[in-house]
Amino acid sequence: MLYTGVTGKLSIKQGDADAVDIVHIANWSVDLSKEILEVLSFGDEYKEKVPSIKDWSASADGTADFAKDGGQKALVDAFDSGAKLTGSFYLDETTFLQGDCFVESLTIDHAADGKADISISLAGSKAAVLTVPAE
């Protein structure tokens with residue numbers, strides 16, 4: 001299955017509230033990572049490596065839009081309060097990554113000859129789960 005920007009989107013929700021789409025996002029990325037530990041033993045010529053704890057983070061960039069009831073304003077509010085969010089990163093309507101996260105940073109850029117841009121960094125808390133359609 002090939003995915004395009006036409007079907008992608010990013011949404012967040014806090015607690016039991018309805019999910020809110022983050023509008024005007026030009027791109028997003030989710031980074032899944034796992035620490036690899038080295039096991040050293042006397043007499044061994046090579047290191048043994050074993051997988052350890054997992055982590056994830058996400059980022060998004062786009063045009064700033066702080067509409068009163070909009071998703072970008074909700075991100076700023078969650079940053080200020082330290083609220084846990086559930087982030088959903090859609091490749092299409094039925095294929096998405098979802099997990100709890102915190103707003104780690106927000107960067108707002110504004111140039112005299114251009115539009116205002118926003119960069120968002122989210123720090124995952126527990127697992128990010130991939131949902132795919134049943135075939």
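When all heavy atoms of K84 and Q14 are compared, the pair lying nearest together is O-CG, 3.8 Å. Considering all non-hydrogen atoms of both residues, V103 and A78 come closest at CG2-CB, 4.2 Å. Closest approach of K34 to S52, counting heavy atoms only: CG-O, 3.6 Å. Annotation for G124 and D55: closest pair O-OD1, 4.1 Å, computed over non-hydrogen atoms. Taking both residues in full, the closest heavy atoms of H110 and A116 are given as CD2-CB, 3.2 Å, listed atom of the first, atom of the second, then distance.
With hydrophobic clusters built from ILVMFWY side chains whose heavy atoms lie under 4.5 angstrom apart, L97 shares a cluster with I120. Under the 4.5 Å side-chain heavy-atom criterion for Ile, Leu, Val, Met, Phe, Trp and Tyr, L91 and V132 are members of the same hydrophobic cluster. Residue V23 is not grouped with residue I25 when hydrophobic side chains (ILVMFWY) are merged at heavy-atom distances under 4.5 angstrom, including chains of intermediate members. Criterion: ILVMFWY side-chain heavy atoms under 4.5 Å apart, direct or through other members. Under it, I12 and F102 are not part of a common hydrophobic cluster. Linking ILVMFWY side-chain heavy atoms closer than 4.5 Å, directly or via other members, places L10 and Y90 in two distinct hydrophobic clusters.
D100 and T86 form a side-chain donor-acceptor contact under 3.5 Å, judged by distance and modelled atom types alone.
Counting heavy atoms from C-beta on, the side chains of I108 and F66 come closer than 4.5 Å. Between S125 and C101, every side-chain heavy-atom pair lies at or beyond the 4.5 Å cut-off. Contact check for V39 versus K47: no side-chain heavy atoms found under the 4.5 Å cut-off. Side-chain contact between Q72 and I22 is present, with at least one heavy-atom pair separated by less than 4.5 Å.
A distance-only check finds a donor-acceptor pair linking the side chain of D65 to the backbone of A67 [under 3.5 Å]. The main-chain N or O of K126 is found under 3.5 Å from a side-chain atom of W56 such that the two form a donor-acceptor pair. Under a 3.5 Å cut-off, the side chain of T95 and the backbone N or O of D92 do not form any donor-acceptor pair.
Rounded to the nearest 0.5 angstrom, D21 CG and K13 NZ are separated by 13.5 Å. Atom-to-atom distance recorded for S57:OG and E104:CD is 7.5 Å, nearest 0.5 angstrom. Considering CG of D61 and CG of D109, their distance stands at 9.5 Å, rounded to 0.5 Å. Separation of atoms OG1 (T131) and CD (Q98) is listed at 6.5 Å; rounding is to 0.5 Å. Taking CG from L37 and NZ from K49, the interatomic distance works out to 11.0 Å, rounded to the nearest 0.5 Å. Distance CD1/I118 to CG/L75: 6.5 Å, rounded to 0.5 Å.
A search for ring-ring contact (aromatic ring centres under 6.0 Å, His included) contacts involving W28 returns F89, not counting sequence neighbours.
In this structure, I53 places its CD1 atom where only 12 or fewer heavy-atom neighbours from other residues, nucleotides or ligands lie under 6.0 Å away. Counting non-hydrogen atoms of neighbouring residues, nucleotides and ligands closer than 6.0 angstrom, the CG atom of D18 reaches no more than 12 such neighbours.
Between K73 and D69, no side-chain nitrogen of the basic residue sits less than 4.0 Å from a carboxylate oxygen of the acidic one, so the salt-bridge criterion is not met.
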Exercise for the section: Decide side-chain hydrogen bond (donor to acceptor under 3.5 Å, both in side chains) for S59 and S121; before the verdict, give the C-alpha distance in whole Å, the side-chain angles of both, and the deciding distance to 0.1 Å. Expected result: CA-CA 4 Å; S59 62; S121 293; 5.8 Å; no
